[in-house]
Protein chains: 2
Amino acid sequence: MSENELNLSKSLKQLAYETLKQKIVSCEILPGSTLTEDMLCEMLNASRTPVRDAVSRLEQEHLVSIKPKKGIRVNRVSMNSIKELFEVRCLLEPAAVLKYGNRIPDEVYARYTQQFRRKNLPTEELYRVDDEFHQMFITASNNRYFRSVYAMIADQVLRYRVLTANGPRDEIAQEEHYEIAANCIRGEWELASRLMLQHIENSKLAIVHYVLDTNRNAHNVFLEEDED
Amino acid sequence: MSENELNLSKSLKQLAYETLKQKIVSCEILPGSTLTEDMLCEMLNASRTPVRDAVSRLEQEHLVSIKPKKGIRVNRVSMNSIKELFEVRCLLEPAAVLKYGNRIPDEVYARYTQQFRRKNLPTEELYRVDDEFHQMFITASNNRYFRSVYAMIADQVLRYRVLTANGPRDEIAQEEHYEIAANCIRGEWELASRLMLQHIENSKLAIVHYVLDTNRNAHNVFLEEDED
DNA sequence: CATTATATTGATGTATACAACAAATGTCAA
DNA sequence: TTGACATTTGTTGTATACATCAATATAATG
């Protein structure tokens with residue numbers, strides 16, 4: 001490399017991992033694309049070593065598949081992968097609310113109830129709060145394995161937001177979040193857990209419906225089952 | 001490298017990953033050890049590239065920690081890690097029995113009931129069947145994320161077997177397995193699921209007690225909390 | 001003797017050259 | 001035209017040299 005424009009403290013491999021992942025979940029790199037290491041080297045301004053490291057991690061997270069001697073394939077979003085992702089969420093998140101919700105101070109829940117009731121938040125901010133809320137319960141579990149698997153799926157879920165952003169479900173979801181937080185304050189953990197389950201199932205349905213609808217008019221690269 | 005004794009079809013990075021992992025879970029490399037890439041290169045007869053790849057994967061599975069500029073540390077087995085592992089198992093496995101148990105043919109369950117009733121099986125064989133039985137439900141889920149996370153923890157659990165092998169709980173566990181399989185045949189999924197939960201909790205207790213006992217007489221490198 | 005500054009060491013991070021291999025392409029013959 | 005076969009191309013797999021940085025040892029100085 002000629003000149004490193006910036007010598008950040010982060011290692012290149014970490015940087016490569018984060019930016020590549022970001023490009024994938026934001027659909028800047030389209031699902032189904034096949035890339036080569038060289039392309040990624042150029043894209044990320046790094047040599048093959050950190051790029052390979054990043055790709056290897058992304059493969060373990062099921063975001064890409066390495067096809068030896070053929071290329072690096074960005075995994076498609078299939079109906080099956082939606083099923084998998086929400087299966088995990090439906091198992092993990094309600095359990096986290098039930099078992100670890102009481103580790104979170106009431107003040108935190110109170111802050112969320114306020115935020116979930118505010119209207120006209122910028123979309124970006126709204127989603128950030130949303131993600132944070134869900135993440136919070138997993139973090140509270142203080143369990144590396146829960147955190148690992150949730151990190152995998154949370155990033156995947158971001159990809160769906162590109163599809164369904166600014167939909168009519170946004171404010172319904174806010175209300176569901178509100179109810180969950182409110183019941184956490186009241187110590188109604190079982191109810192909160194059930195509401196979380198319902199909320200996630202609703203999200204899944206919304207995505208499934210959206211995908212089925214837009215799949216009728218062709219022109220999308222998202223669906224289609226995983227081939228080969 | 002001078003001479004490759006065998007040019008197996010497997011890639012070196014895959015081979016390095018598997019053998020290194022095997023050495024760790026079998027405690028051939030003791031928990032708490034700090035290694036360097038060079039040591040691993042020599043041990044695995046490979047250059048740094050495949051070794052780094054292997055270590056990177058093992059880090060994601062929480063088996064080792066890479067301390068930049070210091071070395072590769074084989075994570076210790078702490079009371080906290082036991083808690084984490086069994087937390088995952090208690091959530092995942094009973095749910096898998098309940099939701100996916102009916103995907104497994106009765107003949108399979110019947111075969112297991114026979115095997116769990118056989119006495120005087122070689123220890124190794126006994127454990128193999130045991131692992132296979134537990135794994136089966138996760139595999140039946142047909143969910144990549146469940147399989148990933150279970151692969152992580154299953155390997156870790158193997159390490160505990162080095163500690164507690166041939167203990168008095170072995171035949172009790174076999175009986176518990178029998179009851180689970182028998183209830184799966186009868187279609188009593190909820191009962192089977194509860195029995196699975198109980199079985200896992202019993203296993204945890206046995207390990208915890210064992211660890212606490214042997215911890216009194218010093219001489220073990222397994223426990224001790226993770227430092228730094 | 002203590003303490004600070006400096007030099008050395010040794011570890012991973014990074015870049016890159018080379019090997020191996022599979023797919024694609026083109027050529028020649030039937 | 002079509003088939004088989006050789007060649008070329010392009011990709012990842014592997015080895016290794018070099019860069020970087022932190023910890024440690026060492027020496028000089030108050």
Side-chain angles (χ1 to χ4, degrees), chain A residues 1-21 24 29-30 32-75 227-228, chain B residues 1-21 24 29-30 32-75 227-228:
Chain A
M1 180 186 319
S2 49
E3 277 112 329
N4 260 333
E5 49 267 5
L6 291 172
N7 234 335
L8 296 170
S9 54
K10 266 184 191 169
S11 63
L12 264 185
K13 74 177 183 184
Q14 183 64 19
L15 203 67
Y17 167 75
E18 286 168 10
T19 58
L20 181 54
K21 184 171 188 169
I24 291 175
I29 301 176
L30 289 177
S33 318
T34 297
L35 310 169
T36 68
E37 289 183 353
D38 284 341
M39 291 163 69
L40 293 176
C41 290
E42 195 175 7
M43 185 187 298
L44 303 168
N45 278 308
S47 77
R48 283 183 63 208
T49 309
V51 166
R52 279 175 61 82
D53 204 287
V55 170
S56 167
R57 285 177 67 181
L58 293 172
E59 188 190 28
Q60 278 186 79
E61 297 176 9
H62 308 293
L63 268 173
V64 307
S65 302
I66 299 174
K67 310 283 183 184
K69 306 283 191 285
K70 293 186 71 173
I72 296 149
R73 162 141 176 185
V74 180
N75 286 340
E227 66 255 32
D228 154 60
Chain B
M1 182 187 319
S2 49
E3 276 111 331
N4 259 333
E5 49 267 4
L6 290 173
N7 232 334
L8 295 170
S9 55
K10 268 183 191 170
S11 63
L12 265 185
K13 75 176 182 183
Q14 183 65 17
L15 203 67
Y17 167 74
E18 287 170 8
T19 58
L20 181 53
K21 184 171 188 168
I24 291 175
I29 300 176
L30 289 178
S33 318
T34 298
L35 309 168
T36 68
E37 289 183 354
D38 284 340
M39 293 163 69
L40 293 176
C41 289
E42 196 175 8
M43 184 186 298
L44 302 169
N45 277 308
S47 75
R48 284 181 63 207
T49 310
V51 166
R52 278 174 61 82
D53 204 287
V55 170
S56 167
R57 285 176 67 181
L58 292 173
E59 188 192 28
Q60 278 187 77
E61 297 176 9
H62 307 295
L63 268 174
V64 307
S65 301
I66 300 174
K67 309 282 183 185
K69 307 283 190 284
K70 293 186 72 172
I72 297 150
R73 162 144 177 184
V74 179
N75 286 340
E227 67 255 30
D228 157 60

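Note that this is a predicted model, so its numbers are computed, not measured. Computation of the quantities below employed the complete heavy-atom set of this structure, encompassing side-chain atoms and omitting hydrogens, waters and symmetry-equivalent molecules. Proteins come first, then strands; the chains are lettered A, B, ... in the order of their sequence lines, and each starts at number 1.
A:A54 and A:A16 get closest at one heavy-atom pair: CB-C, 3.9 Å. Residues B:S47 and B:C41 share a closest heavy-atom pair of C-SG, 3.7 Å. Here the closest non-hydrogen pair linking B:V64 and B:V55 is CG2-O, 3.9 Å.
The distance from atom CD of B:Q14 to atom C1' of D:dT12 is 15 Å, rounded to the nearest whole Å. B:R73 places its CZ atom 17 Å from the C1' atom of C:dA11, with the value rounded to the nearest Å.
B:R52 has no side-chain polar atom (N or O) that falls below the 4.0 Å cut-off from OP1 or OP2 of C:dT12. Taking 4.0 angstrom as the limit, A:R48 places none of its side-chain polar atoms (N or O) nearer than this to OP1 or OP2 of C:dT16. Within the structure, every side-chain polar atom (N or O) of B:T49 is placed at least 4.0 Å from both OP1 and OP2 of D:dT14. Regarding contacts with the backbone of D:dG13, a side-chain N or O of B:K13 is found under 4.0 angstrom from either OP1 or OP2.
Taking the side chain of B:A46 as heavy atoms from C-beta on, and the options D:dA15, C:dT14, D:dC21, the nearest nucleotide is D:dA15. Distances from the side chain of B:T36 to the nucleotides D:dT14, C:dT14, C:dT12 place C:dT12 closest. For A:S47, whose side chain is taken as the heavy atoms from C-beta onward, the closest listed nucleotide among D:dG13, C:dT16, C:dG10 is C:dT16.
Across all strands shown, B:I72 has heavy atoms under 4.0 Å from sugar-phosphate atoms exclusively, and none from any base.
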